[in-house]
Amino acid sequence: MHGEYKIPGGKLVVVDVDTEGGALCRARVAGDFFLEPDEALDAVNDALNGAPADTDAAGLAARVDAALPEGTVMYGLTSEGIAIAVRRALAHATDWTDYDWQLIHEGPQSPALHMALDEVLTAEVAAGRRAPTLRVWEWGAPAVIVGSFQSLRNEVDADAAARHGVQVVRRISGGGAMFVEPGNTITYSLSVPEALVQGLSFQDSYAYLDDWVLGALGDMGIRAWYQPLNDIATDQGKIAGAAQKRIVGPEGRPGAVLHHVTMSYDIDADKMLDVLRIGREKLSDKGIKSAKKRVDPLRRQTGLPREAVIERMIESFRGRYGLSQGKVTDEELTRAQHLAITKFSSPAWTARVP
């Protein structure tokens, strides 16, 4: 069995391993990491051999830590990363490059239709009728998108939203509310087979699916990192938030994962504060006094037009994994339009948590 894991901010770890009698055997760890002394690699392999095959990542990492020679130095490598690569091997996880990725980047669409497209396209990936897809959004109207489990009245000032012409929609994923206006955010979705994140914890899957965009930002001169559970941050402040939803596949098929991210390009902080009810408790855990400081626009950090930032992100993804131009099919669009009306524009759904 073969497993690979790119450690966020680190190097690639590759593990080949077999099992016999319910235990790991013939473990071979490799990669482009740095490790001293040389015999530490043998110690890692020996620590994995004999471990029960159902040992979780934390348990495997503990075995590795206990076996390392005194004074071992790992650069671009962690015991947790080794353990995750093992779990991915045992789970027969796939890799990004195993797929023919499609790009969807179409014209502005309504907030409700965006919510519906996320659900429909990810369900199509789960059903095996669509290739894994990167979809870049263009917003047709300003909106607040609340998380699946958030209280509507606690998160949104309805009067202020109406005054500013801001639509309120609820997405299928968890997480916090996002304020968007056309031209001031960059939003994208990844609809991926569940196999891509096999062997990863829920938290690790966020870091794994965000890693490519950290590289893209780095190419634009922004030092960014994943901040658990679902933020992308820089030393200038938070610039993005991610959310996920698991979609169950048809009978006999594995499911798919929806991972979507909203990045602030040039946010109107005053309007955002007028529309969103951002509580003092939420701000206090960030160690700041003003919500304006929570989001740092990409425009100022890159000096690039929004379109140029998006293009560089797309090209970075294409350079890593390959990416061909795709589109929403007529059948997918028809289903999404129906869902946009019957579900995502429905007060029953939007206020399902009042």
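The closest side-chain heavy-atom distance from K6 to R320 is not below 4.5 Å. Taking the side chain as every heavy atom from C-beta outward, T55 and V86 never approach each other to under 4.5 Å. A heavy-atom distance below 4.5 Å is not found between the side chains of V168 and V275. Counting only heavy atoms from C-beta outward, the side chains of L258 and S189 approach each other to under 4.5 Å. Between V213 and V261, the closest side-chain pair of non-hydrogen atoms is not below 4.5 Å. Two residues are said to be in side-chain contact when any heavy atoms from C-beta on lie closer than 4.5 Å; I239 and L217 meet this criterion. Residues L200 and Y5 form a side-chain contact, since some pair of their non-hydrogen atoms from C-beta on lies under 4.5 Å apart. By the 4.5 Å heavy-atom criterion applied to side chains, N154 and R277 are not counted as neighbours.
Side-chain contact check for R352 and S148: at least one donor-acceptor pair (N or O, by modelled atom type) lies under 3.5 Å. Side-chain N/O atoms of H105 and E138 include a donor and acceptor closer than 3.5 Å. No hydrogens or angles considered: a donor-acceptor pair under 3.5 Å links the side chains of R171 and S173.
The number of heavy-atom neighbours closer than 6.0 Å to NE2 of H338, taken from other residues, nucleotides and ligands shown, is 12 or below. More than 12 heavy atoms of other shown residues, nucleotides or ligands fall within 6.0 angstrom of atom CG in D268. Heavy-atom contacts from other residues, nucleotides or ligands closer than 6.0 Å to CG of D330 number 12 or fewer. Annotation: Y75, atom OH; neighbour count of heavy atoms from other residues, nucleotides and ligands within 6.0 Å does not exceed 12.
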Taking it one step at a time, do K343 and I172 satisfy side chain to side chain contact (heavy atoms under 4.5 Å, CB included)? CA-CA 11 Å; K343 179 176 180 177; I172 60 174; 3.9 Å; yes
Would you check, one step at a time, whether the test side chain to side chain contact (heavy atoms under 4.5 Å, CB included) holds for T19 with V17? CA-CA 7 Å; T19 61; V17 65; 5.6 Å; no
From CA spacing to verdict: side chain to side chain contact (heavy atoms under 4.5 Å, CB included), L60, L24: CA-CA 11 Å; L60 292 172; L24 305 185; 4.1 Å; yes
When you look at I222 and Q236, which way does the side chain to side chain contact (heavy atoms under 4.5 Å, CB included) test go after all the steps? CA-CA 10 Å; I222 299 177; Q236 301 286 321; over 6 Å; no
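When each of K327, R135, R130 is paired with Q102, the side-chain hydrogen bond (donor to acceptor under 3.5 Å, both in side chains) condition holds for R130 and for no other. When F317, W137, W212 are each tested for a ring pair (Phe, Tyr, Trp, His ring centres under 6.0 Å) with Y188, only one passes: W212. None of Q244, H259, Q198 except one satisfies the side-chain hydrogen bond (donor to acceptor under 3.5 Å, both in side chains) rule with S205; the exception is Q244. With T185 as the partner, the side-chain contact (heavy atoms from CB on, under 4.5 Å) test is satisfied by one option alone out of L298, V180, D266: V180.
In this structure a side-chain-to-backbone donor-acceptor pair under 3.5 Å is present from N230 to A242. Not one N or O on the side chain of R223 forms a donor-acceptor pair closer than 3.5 Å with the backbone of G218. Y265 places a side-chain N or O within donor-acceptor distance of the main-chain N or O of R306, the cut-off being under 3.5 Å. Of the possible polar contacts, none joining the R246 side chain to the V257 backbone as a donor-acceptor pair under 3.5 Å is found. Without hydrogens or angle criteria, E155 side chain to Q150 main chain gives no donor-acceptor distance under 3.5 Å. With hydrogens and angles ignored, the 3.5 Å screen pairs a side-chain donor or acceptor of S151 with a backbone N or O of P354. Under the 3.5 Å distance criterion, the side-chain polar atoms of D32 are left unmatched by any main-chain donor or acceptor of K11.
Looking at every heavy atom in both residues, T187 comes nearest to W139 through OG1-NE1, 3.2 Å. Closest of all the heavy-atom pairs between S79 and V64 is CB-CG1, 3.9 Å. When all heavy atoms are compared, the tightest approach of V120 to E332 is CG1-O, 3.8 Å. In plain terms, the two heavy atoms of W101 and G322 that are nearest each other are CB-O, 3.4 Å. The minimum heavy-atom distance between I82 and L48, with the atom names listed, is CG2-CD1, 4.1 Å. Scanning all heavy atoms of the two residues, the minimum distance from H260 to D118 falls at ND1-OD2, 2.7 Å.
I310 and V328 end up in different hydrophobic clusters when Ile, Leu, Val, Met, Phe, Trp and Tyr side chains are linked at under 4.5 Å. Linking ILVMFWY side-chain heavy atoms closer than 4.5 Å, directly or via other members, places V125 and Y321 in two distinct hydrophobic clusters. Hydrophobic clustering of Ile, Leu, Val, Met, Phe, Trp and Tyr side chains at less than 4.5 Å, counting indirect connections, unites I314 with V309. Under the 4.5 Å side-chain contact rule for hydrophobic residues, L209 and L121 do not share a cluster. Tracing side-chain contacts under 4.5 Å through hydrophobic residues (I, L, V, M, F, W, Y), one never reaches M178 starting from L273; they form parts of separate clusters.
Here L333 contributes atom CG and L117 contributes atom CG; the two are 7.0 Å apart, rounded to the nearest 0.5 Å. To the nearest 0.5 Å, the span separating OG1 on T302 from CG on D219 amounts to 13.0 Å. The structure places CG of L103 at 4.5 Å from CD of Q325, a figure rounded to the nearest 0.5 Å. Distance check, rounded to the nearest 0.5 Å: CG of L339 to OG of S346 gives 11.5 Å. Atom-to-atom distance recorded for I84:CD1 and D204:CG is 3.5 Å, nearest 0.5 angstrom. Note that CG of L90 and CG of D18 are 10.0 Å apart. Values are rounded to the nearest 0.5 Å.
R312 has no carboxylate O lying under 4.0 Å from a charged side-chain N of E315, or vice versa, which leaves the two without a salt bridge. Salt bridge absent: R88 and D95 never bring a charged side-chain N and a carboxylate O closer than 4.0 Å. Using a cut-off of 4.0 Å between Lys/Arg side-chain N and Asp/Glu carboxylate O, E20 and R26 are scored as salt-bridged. Using a 4.0 Å cut-off between charged nitrogen and carboxylate oxygen, E331 and R129 do not count as a salt-bridge pair. Salt-bridge annotation for D274 and R163: present, with a side-chain N of the basic residue lying under 4.0 Å from a carboxylate O of the acidic one.
Take R87 and apply the salt bridge (Lys or Arg N to Asp or Glu O under 4.0 Å) test, not counting sequence neighbours, and it matches no residue.
Between H114 and F344, the ring centre distance reaches or exceeds 6.0 Å.
By the 30° and 60° cut-offs, the orientation of the rings of Y208 relative to W96 is tilted.
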